[in-house]
Amino acid sequence: MMNGNIIELSYSCFGDSSDFIIWYEDEKNKNRVYTSGGKIIFFSSEEKAVIKADELNINITDTCFYDVERLIYWFTVHQKEMDCDFLIDFWNMFSDIAYSVGKELEPVRTKRINRCYNKLFYGLNLPTVTPEGCEYEPVFTKRERKLIREIMRRGLDIFEKNSEWEETI
C-alpha cells in the first residue's frame, strides 16, 4: 500500500470553491499526483478523492490546503513578500504535477534556479538545518523574484492544461 495525501486547491478567499487531487509516493518512491490518460484528475469533493484513493490502494494520511487564489494574486501584483513555506509548497507540488504528466517545471535547472529554491528552503528555518538560536531571512533580488514568479506561472499553466474532472474518466 502506498501513502498519500489529498490536496485541496482553493480558488476562493471564502473557501467555498475547492478542487481536490490525490498526491502519493509511488513504488519507485517518486512523488506524483493521480492521473488518468495523462491528465491530472480533479475531484469535486474530498470524499470522492478518498474513495478513489482507496480504490487505488493509497493510504491517505492527511489533507493539505493550497491557496491557489493567493498564489495568483502574489504573482499578478508582483508582491515583494516571499513567504518561503507558501512558495516552496507550491514549487514542490508543481514539480510533482509536472513529473506526473511527463513535463518539466524547470526545463533547464540553472544555478540561478537552484539558488532561488535553496533560499526558499533555508528560509523555512527547519530545526534540522538551521543552527539553534539562528534564523535565516533570505533576501531576494528583483531578478530572483521574477524567476520564481515565472516558475509558479509555468507550474500553474502545466496544471491547468493537463487536468480534467473525475466525471470524465
Main-chain N/O of I148 paired with R153 side-chain donor or acceptor, under 3.5 Å: no
Neighbour count >12 (heavy atoms, 6.0 Å) for atom CD, E55: yes
Salt bridge (charged side-chain N to carboxylate O under 4.0 Å, His left out) between K52 and E46, worked out: CA-CA 10 Å; K52 186 63 175 181; E46 183 175 1; over 6 Å; no
S100 side chain to V33 backbone, donor-acceptor under 3.5 Å: yes
Pair D62-N5, side-chain donor/acceptor within less than 3.5 Å: no
Heavy-atom side-chain contact between I41 and E164 under 4.5 Å: yes
Close side-chain approach of N31 and Y99, heavy atoms under 4.5 Å: no
For residues 86-94, dump all side-chain donor-acceptor pairs below 3.5 Å to protein atoms at least two apart in sequence or in another chain.
from: W91; atom 1: NE1; to: E106; atom 2: OE2; distance (Å): 2.7
from: N92; atom 1: OD1; to: Y117; atom 2: OH; distance (Å): 2.8
from: N92; atom 1: ND2; to: I88; atom 2: O; distance (Å): 3.3

Check: K39 side chain, K161 main-chain N or O, donor-acceptor pair, under 3.5 Å: yes
Electrostatic pair K30-D96, nearest N-O below 4.0 angstrom: no
Pi-cation contact, W23 with R32 (under 6.0 Å, within 45°): no
Cation-pi geometry met for K48 and F20 (6.0 Å, 45°): no
Closest heavy-atom pair and its distance - C84, P138: SG-CG, 3.8 Å
pair I21-Y34: side-chain heavy atoms closer than 4.5 Å: no
Euclidean distance, L124 CG relative to L126 CG, rounded to 0.5 Å: 5.0 Å
Expected output: side-chain T35 to main-chain V101 donor-acceptor under 3.5 Å: no
Donor-acceptor pair between E69 and S10 side chains, under 3.5 angstrom: no
Geometric class of the Y136/Y122 ring pair [parallel <30°, tilted 30-60°, perpendicular >60°]: perpendicular
Short side-chain donor-acceptor distance under 3.5 Å, E8 and S18: yes
Set of residues satisfying salt bridge (Lys or Arg N to Asp or Glu O under 4.0 Å) with respect to D54, sequence neighbours excluded: none
Set of salt bridge (Lys or Arg N to Asp or Glu O under 4.0 Å) partners for K119, sequence neighbours left out: E144
Sub-4.5 Å side-chain heavy-atom contact between I151 and I113: yes
Any H78 side-chain heavy atom under 4.5 Å of R145 side chain: no
Heavy-atom closest contact (I22 atom, A49 atom, distance): CD1-O, 3.4 Å
